[in-house]
A.B. asks: 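I'd like to ask some things about the structure below.
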Amino acid sequence: MPFTLATWNINSVRLRETLVHKLLTEEAPDILCLQECKSPVEKIPLEGFAALGYPHMIARGQKGYNGVAILSKLPLEDAGGLDHVELGHARHVAARLENGVVIHNYYVPAGGDEPDREKNVKFGQKLDYLTQMRDAFRAERPEKAILVGDLNIAPREDDVWDHKKMLKIVSHTPTEVEHLTAAQEAGAWVDVTRKDIPEGPLYSWWSYRAKDWEAADRGRRLDHVWATPDIAGAAHSSRVLKAARGWEKPSDHVPVFATFDL
DNA sequence: ATGGTTGAAACTCAA
């Protein structure tokens, strides 16, 4: 049974409930992974999602910040949530499908503005978070798994609007890319989006601060879909829904999709 | 070098 999955940093699931409805109605992925829900789990508006055919949800939440949720047409089993770096943040949740595939949904710390762990605690926490992801994949090599989310790093030169200008900007520093790559390699994760679309910009985030985000097009690819090698070959039809950045009261991130024939 | 915008929640922090 093929299924389509989407990942979207929604930047408040309650404020943008109707945008989630729009995505579920117009694009109808089987599974939607959300980040930055900014809500306790019990305040996520489930009724509307269920009415649109998404009765299943596995989530971790907290008041005001962070928060990750997996909405699904298909039954899900809770497969845990990790608190890397012991920040007490809701940044990871995992769910198992009936076919055994595990979906990991991550919201990696943004890391603040200064890319120096001596001056900026948050940058150190981001690097440590990625190292603990690496160590978890080393301790138990994932199989039949998909990893999605806002990883808050644009790893490749063509994942940012200007590679040279971005080298000292948090999200594209060589240190961050090394840490992300180490986590990726520890799980042998395949970058599904880049497997499907090897070349060119595929931005998933544009700042709210630009006067005209579309004209400036200073985007970054921060949102990712990875899969373990045993199922990566089943992935196809990756796409980024850039139009969602132009929706009314948009998130600063747009959904990224992939389909798996499993 | 600086400021630009948004959200949650509370009179400020995080992104």
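Proteins come first, then strands; the chains are lettered A, B, ... in the order of their sequence lines, and each starts at number 1. Keep in mind that this is a model prediction, so the values were computed, not measured.
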A.B. asks: With a 4.0 Å cut-off on heavy atoms, is A:Lys211 in touch with a base, just the backbone sugar-phosphate, or nothing at all?
C.D. replies: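 Counting heavy atoms under 4.0 Å across all strands, no contact is made by A:Lys211.
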A.B. asks: For A:Ala210 and for A:Val13, locate the closest nucleotide of DNA chain B by heavy-atom distance; then report the residue assigned to the nucleotide nearer the 5' terminus.
C.D. replies: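 Result of the comparison: A:Ala210.
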A.B. asks: Taking atom C1' in both B:dA14 and B:dG4, what distance in whole Å separates the two?
C.D. replies: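 It comes out at 16 Å once rounded to the nearest Å.
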A.B. asks: Mind calculating the distance between CG (A:Leu19) and C1' (B:dT6) to the nearest angstrom?
C.D. replies: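 Answer to the nearest Å: 14 Å.
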A.B. asks: Not counting sequence neighbours, which residues clear salt bridge (Lys or Arg N to Asp or Glu O under 4.0 Å) with A:Glu114? List them please.
C.D. replies: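 A:Glu114 satisfies salt bridge (Lys or Arg N to Asp or Glu O under 4.0 Å) with no other residue.
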A.B. asks: Could you work out the separation of B:dA10 and B:dT6 based on their P atoms and round it to a whole Å?
C.D. replies: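 Approximately 22 Å lies between the P atom of B:dA10 and that of B:dT6.
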A.B. asks: If the condition is ring pair (Phe, Tyr, Trp, His ring centres under 6.0 Å), which residues does A:Phe3 pass it with, not counting sequence neighbours?
C.D. replies: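 Partners of A:Phe3 under the ring pair (Phe, Tyr, Trp, His ring centres under 6.0 Å) test: A:Phe260.
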A.B. asks: Would a line drawn from the ring center of A:Trp161 to the ring center of A:Tyr203 be shorter than 6.0 Å?
C.D. replies: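 Centroid distance A:Trp161-A:Tyr203: not below 6.0 Å, so no.
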A.B. asks: Sorted by first residue and then second, give each ring-ring contact (aromatic ring centres under 6.0 Å, His included) pair with at least one member in residues 24-62 of chain A; sequence neighbours left out.
C.D. replies: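 For residues 24-62 of chain A, and leaving out neighbouring residues, the ring-ring contact (aromatic ring centres under 6.0 Å, His included) pairs sorted by first residue read A:His21-A:Phe49.
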A.B. asks: Could you pull out all residues at least two apart from A:Tyr129 that satisfy ring pair (Phe, Tyr, Trp, His ring centres under 6.0 Å)?
C.D. replies: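 With sequence neighbours excluded, A:Tyr129 shows a ring pair (Phe, Tyr, Trp, His ring centres under 6.0 Å) to A:His84, given in chain and number order.
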A.B. asks: If the P atom of B:dA15 is compared with that of B:dA9, how far apart are they to the nearest Å?
C.D. replies: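 Looking at atom P only, B:dA15 and B:dA9 are 15 Å apart.
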A.B. asks: Taking atom C1' of B:dG7 as reference, at what distance in whole Å does atom CG of A:Leu34 sit?
C.D. replies: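 Nearest whole value for this atom pair: 16 Å.
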A.B. asks: List, one per line, each side-chain donor-acceptor pair under 3.5 Å for residues 13-20 of chain A, sequence neighbours excluded.
C.D. replies:
from	atom 1	to	atom 2	distance (Å)
A:Arg14	NE	A:Ser39	OG	3.2
A:Arg16	NE	A:Ile10	O	2.8
A:Arg16	NE	A:Asn11	O	3.3
A:Arg16	NH1	A:Lys249	O	2.8
A:Arg16	NH1	A:Pro250	O	3.3
A:Arg16	NH2	A:Asn11	O	3.0
A:Arg16	NH2	A:Tyr208	OH	3.2

A.B. asks: Reading nucleotides 9-15 of chain B 5' to 3', which nucleotides get B (base under 4.0 Å from a protein heavy atom), which S (sugar-phosphate only), which -?
C.D. replies: SS--BSB
A.B. asks: Can you see if the side chain of A:Arg16 gets near the phosphate of B:dG7 - specifically, an N or O under 4.0 Å from OP1 or OP2?
C.D. replies: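 Yes.
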